Amino acid sequence: MAQKTKVYPHIRERRGAPFLLYRYRKRMGLLMGFLLALVLLGASQQFIWVVRVEGCSSPEQMQELTAALQELGVHRGVLKGRIDAKQIQQKMLYQVDSIAWAGLNIQGVTATLLVRERVVPPEKIDTNLPANVVASEDGQIQRLEVTDGRAVLQKGDTVRAGEMVVSGVLEDRWGMTHLVRANARVIAHVPRSLEVKVPLLQTQVSFTGEVLQRRYLELGDLRIPLFLYQPVRGDYKAERVSRPMELLGFPLPFSISRESYLFYEKQEGRIREETALREAEKELAQREKALFGEDTVVDRKISASIEGDAVVLRGDYVVETDIARQQPITVEDRRQQQNQRPQRPSGY
C-alpha cells in the first residue's frame, strides 16, 4: 500500500504477541512459570474439585447425602483414581435409607451424585385383626361416618378419650357373634388451649456497624489466610460465603471464601407491654398453625394478662377434628361386650 501511494511510513510503536515474546525472550523465569502453570493445571485434572448432588428435594437430604459422600471419600481435593464409583453407589443405598437408587458420574473435575428418592409405602393394616373405634381425645360428636362396625354413640354425645364409639363386635339375627375391624370417621368438637409467655425484661442486641472481613484461599481441605492474623474480640455474628473460581467456564482447583464479623452490643432492658403483646401474638399464631394444621377452629377466645415481669397470652379453642382411633379387640374386651348384651328369649 505504501509503495502504490509512494508514501514513506515511519514505525512509531509495535504491538502484539510476537513483539511481546521477543522483548522478553531472555527472561527464562517467565517461561518456566508458564510451563509450571501448565503442568499444575494438567495435574489438577486428576482431582475432584466440584461435588454435586441432583435428584433430592430438600436441603436437609442434600446435606445428608453430601456428608455420606464425604464419609465414603468423595470430596474436594480427592484423587479421582481412588474413587470406585460402583462400590460407592452400593454403599450409598445401604447408608442412606431415603434413596432408592444412586449413580455416581465423574466427568472432568466434577463428581455428580444422581439419586432417586424412596417412596415410602403406607403402613399395612391387617384387616383380619378385629378392632373397635375409640376416641383419641375428649369431645362432642358432631358427625359419625361408619364404614364397618356398629355405632355405640351418636351425634351430640359427649365422649371421653379411650371410650368406644364404634364396636367391632356384631351380632346376627340368630344371636351369633362376629368380630370385624370397625372403621369410621368421628368428627367432633374438641377443646384445646395454648399459652404463650413473653418476658418484659429482655436482652436487646444492637449492631454497632463495625464489620471485619477476612478472606481465605481454599485448596481442598487446606485454608490459607490472606490476612495478618489478629484475634477477634467482642460479641459478633459470623457469616461465611465461599465462591468457587472459574476461568472461561472451567472450574479452578481453588476457591475464595470470605468471613464477615458483624459486631453488636448487648443491653438489658425492659420492653413495652405493647411490643411484648405483638411478639406473643406472632408466636401464638405459629403454634396454632403447627398444632391445628388443617383442622377447623370453631371457636377462639384469646385473653392477655401480665403476670410478674411477663405478658401471658392464653388461647381457648374449640376445634373440629377427627378423633377416631382403632383399638384391637382382646379376648377380655370381647367377653365384656358379650356380657353386656341384653338377654333374649330362646328360639329364632
Side-chain angles (χ1 to χ4, degrees), residues 17 20-21 29-121 211-227 229 237-262:
L20 184 64
L21 294 176
L30 295 177
L31 178 61
M32 295 300 296
F34 179 72
L35 295 177
L36 180 61
L38 291 179
V39 172
L40 293 178
L41 186 61
S44 67
Q45 301 304 300
Q46 306 304 317
F47 296 85
I48 295 295
W49 301 114
V50 180
V51 180
R52 296 175 179 171
V53 178
E54 298 180 0
C56 56
S57 57
S58 62
E60 294 78 10
Q61 188 180 25
M62 182 175 293
Q63 294 178 359
E64 181 184 5
L65 293 173
T66 304
L69 279 176
Q70 191 167 4
E71 291 181 4
L72 296 175
V74 182
H75 53 82
R76 284 174 54 88
V78 67
L79 191 64
K80 291 194 294 186
R82 297 181 180 179
I83 299 177
D84 188 350
K86 293 184 179 180
Q87 185 178 7
I88 290 176
Q89 291 171 184
Q90 296 175 356
K91 290 183 177 180
M92 286 292 294
L93 295 177
Y94 290 107
Q95 191 165 346
V96 182
D97 297 332
S98 60
I99 60 176
W101 176 85
L104 183 62
N105 296 333
I106 298 177
Q107 186 175 7
V109 296
T110 303
T112 304
L113 178 66
L114 303 175
V115 297
R116 183 177 300 167
E117 297 180 352
R118 184 185 302 275
V119 178
V120 181
V211 180
L212 175 63
Q213 293 186 349
R214 292 181 172 182
R215 288 177 171 82
Y216 293 86
L217 176 65
E218 296 184 351
L219 183 62
D221 296 331
L222 181 63
R223 299 185 69 202
I224 302 175
L226 303 179
F227 56 90
Y229 176 77
K237 175 184 177 183
E239 296 179 352
R240 180 183 176 186
V241 179
S242 181
R243 181 168 59 92
M245 303 300 295
E246 294 183 356
L247 179 61
L248 300 177
F250 181 80
L252 297 177
F254 60 87
S255 60
I256 301 295
S257 64
R258 183 187 64 190
E259 290 185 354
S260 301
Y261 300 89
L262 310 177

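Quantities reported herein were computed from a predicted structural model and do not represent experimental measurements.
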Notebook entry, point to check: Quick one: is the NZ or CZ of R116 closer than 6.0 Å to the six-membered ring centre of W101, and within 45° of its axis?
Noted result: yes
Once you round to the nearest 0.5 Å, how far does [atom1] of [X] lie from [atom2] of [Y]?
{"X": "I48", "Y": "I106", "atom1": "CD1", "atom2": "CD1", "value": "5.0 Å"}
{"X": "L226", "Y": "Y216", "atom1": "CG", "atom2": "OH", "value": "9.5 Å"}
{"X": "K91", "Y": "D84", "atom1": "NZ", "atom2": "CG", "value": "8.5 Å"}

Could you tell me if the side chain of [Y] sits less than 4.5 Å from the side chain of [X], heavy atoms only?
{"X": "T112", "Y": "L114", "answer": "yes"}
{"X": "Q95", "Y": "E71", "answer": "yes"}
{"X": "E218", "Y": "S242", "answer": "yes"}
{"X": "L79", "Y": "Q46", "answer": "yes"}
{"X": "H75", "Y": "V78", "answer": "yes"}

Notebook entry, point to check: Would you find a donor on one side and an acceptor on the other, under 3.5 Å apart, between the side chain of R118 and the backbone of I99?
Noted result: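 Present.
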Checklist line | Any donor-acceptor pair under 3.5 Å from R76 side chain to W49 backbone | finding: yes
Matching residue for [X] among [options] - test: side chain to side chain contact (heavy atoms under 4.5 Å, CB included):
{"X": "Y261", "options": "R214, Q213, K237", "answer": "R214"}
{"X": "L104", "options": "K86, Q87, Q89", "answer": "Q89"}
{"X": "L113", "options": "L69, T66, V74", "answer": "L69"}

Shortest non-hydrogen contact between [X] and [Y], atoms and distance:
{"X": "F47", "Y": "K80", "value": "C-CG, 4.0 Å"}
{"X": "S257", "Y": "R223", "value": "OG-NH2, 3.7 Å"}
{"X": "C56", "Y": "V115", "value": "N-CG2, 3.9 Å"}

Item checked: Test item: side-chain donor near acceptor, S260 and E239, under 3.5 Å -> no
Margin query: Just by distance, no angles: are the side chains of Q61 and S98 close enough, under 3.5 Å, to form a donor-acceptor pair?
Written below: yes
Item checked: Heavy atoms of other groups near R52 CZ, more than 12 under 6.0 Å ->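 Open.
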Check: Would one find more than 12 heavy atoms of other residues, nucleotides or ligands at under 6.0 Å from atom CZ of R243?
Finding: no
